[in-house]
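Step one of this worksheet: look at the structure below.
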Amino acid sequence: MWDLVSWLLSFFCLVALLAAVLYQVMCLADLESDYVNPYDSAAEINIIVVPEFVLQGALCFLHLVMGHWLMCLACLPYLYYDVKVYTGRRHLLDVTEIFNQLPWEKKIRLYKLGYLGILLVFSIICMIWSIVAE
C-alpha cells in the first residue's frame, strides 16, 4: 500500500515539475516572439526556479526513503545539475542579459522536459507494476 502511495506522490511531483518547466519554456517562447517584455519574463521564471529545485530534491529524497534505488539514481543527475547551478549563483535569469542567454536557457529547459518525461514514463510503469504486484 505504501509503495503505491509513494509512486502516486512521485507521479504528482513529476507532473508538477513538468508543468513548472513547461511554463518556463512558454515564458521564454513568449519573450522570443516579443509578446512580453524581458523584465516580466525574467520575474516570472525566477519565481518558479527555486521551488522547482526544492521539488526535485524532495522527489529524490522520497525515492531514497522509500527504497526505490533505481529511480533515486535516475533523479540524481538532474539534482546534481540543480545544486551546481544554485551554488554557482546561475539559477536566476538576468534581465539585462536575457536575450543573449535565450537560446541556451531554452535549450536547457527543453532537455529538462525530455528528462522529466522519461522519468514520468518510468514512474508510471513502476506504479502499474506496484498495482499489479498487490
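Considering OG of S6 and CH2 of W2, their distance stands at 10.0 Å, rounded to 0.5 Å. Atom CD1 of I131 is separated from atom CH2 of W7 by 12.0 Å, given to the nearest 0.5 angstrom. Note that the SG atom of C60 and the CG atom of L55 stand 12.0 Å from one another [nearest 0.5 Å]. To the nearest 0.5 angstrom, L14 atom CG is 5.5 Å from S123 atom OG. From L28, atom CG reaches atom CE of M26 across 11.0 Å, with rounding to the nearest 0.5 Å. In this structure, NZ in K112 is found 9.5 Å from CG in L17, a value given to the nearest 0.5 Å.
Across all non-hydrogen atoms, the minimal contact from L4 to M127 is CD1-CG, 3.9 Å. Residues H63 and C75 approach most closely at CD2-SG, 3.9 Å, considering heavy atoms. Counting all heavy atoms, side chain and backbone alike, N46 lies closest to H91 at OD1-O, 4.5 Å.
In this structure a side-chain-to-backbone donor-acceptor pair under 3.5 Å is missing from S33 to D30.
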Tell me, with the steps shown, if L31 and E44 meet side chain to side chain contact (heavy atoms under 4.5 Å, CB included). CA-CA 11 Å; L31 181 65; E44 290 177 7; over 6 Å; no

Please lay out, stage by stage, how W69 and L64 fare under the test side chain to side chain contact (heavy atoms under 4.5 Å, CB included). CA-CA 6 Å; W69 307 113; L64 182 67; 3.4 Å; yes

Can you list the steps and then say if Q56 with L116 is a side chain to side chain contact (heavy atoms under 4.5 Å, CB included)? CA-CA 10 Å; Q56 177 62 30; L116 288 171; 4.2 Å; yes

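Within a 6.0 Å radius of CZ in F122, other residues, nucleotides and ligands contribute 12 heavy atoms or fewer.
A chain of hydrophobic side-chain contacts below 4.5 Å, direct or via other Ile, Leu, Val, Met, Phe, Trp or Tyr residues, connects I124 to L119. Using a 4.5 Å cut-off between side-chain heavy atoms of Ile, Leu, Val, Met, Phe, Trp and Tyr, with links allowed through other members, V15 and L59 fall into the same hydrophobic cluster. By the rule that hydrophobic residues join a cluster once side-chain heavy atoms approach within less than 4.5 Å of another member, L76 and F53 end up as members of separate clusters. When hydrophobic clusters are built by joining Ile, Leu, Val, Met, Phe, Trp and Tyr residues whose side-chain heavy atoms come closer than 4.5 Å, directly or via intermediates, Y111 is not grouped with L120. Hydrophobic clustering (side-chain heavy atoms under 4.5 Å, transitive across Ile, Leu, Val, Met, Phe, Trp, Tyr) keeps V25 apart from L92.
Side chain to side chain, D3 and H68 meet the donor-acceptor criterion of an N or O pair below 3.5 Å.
A side chain to side chain contact (heavy atoms under 4.5 Å, CB included) with Q24 is found for exactly one of L93, I108, I48, L113, namely I48.
The side-chain heavy atoms of P77 and Y81, taken from C-beta on, include no pair separated by under 4.5 Å.
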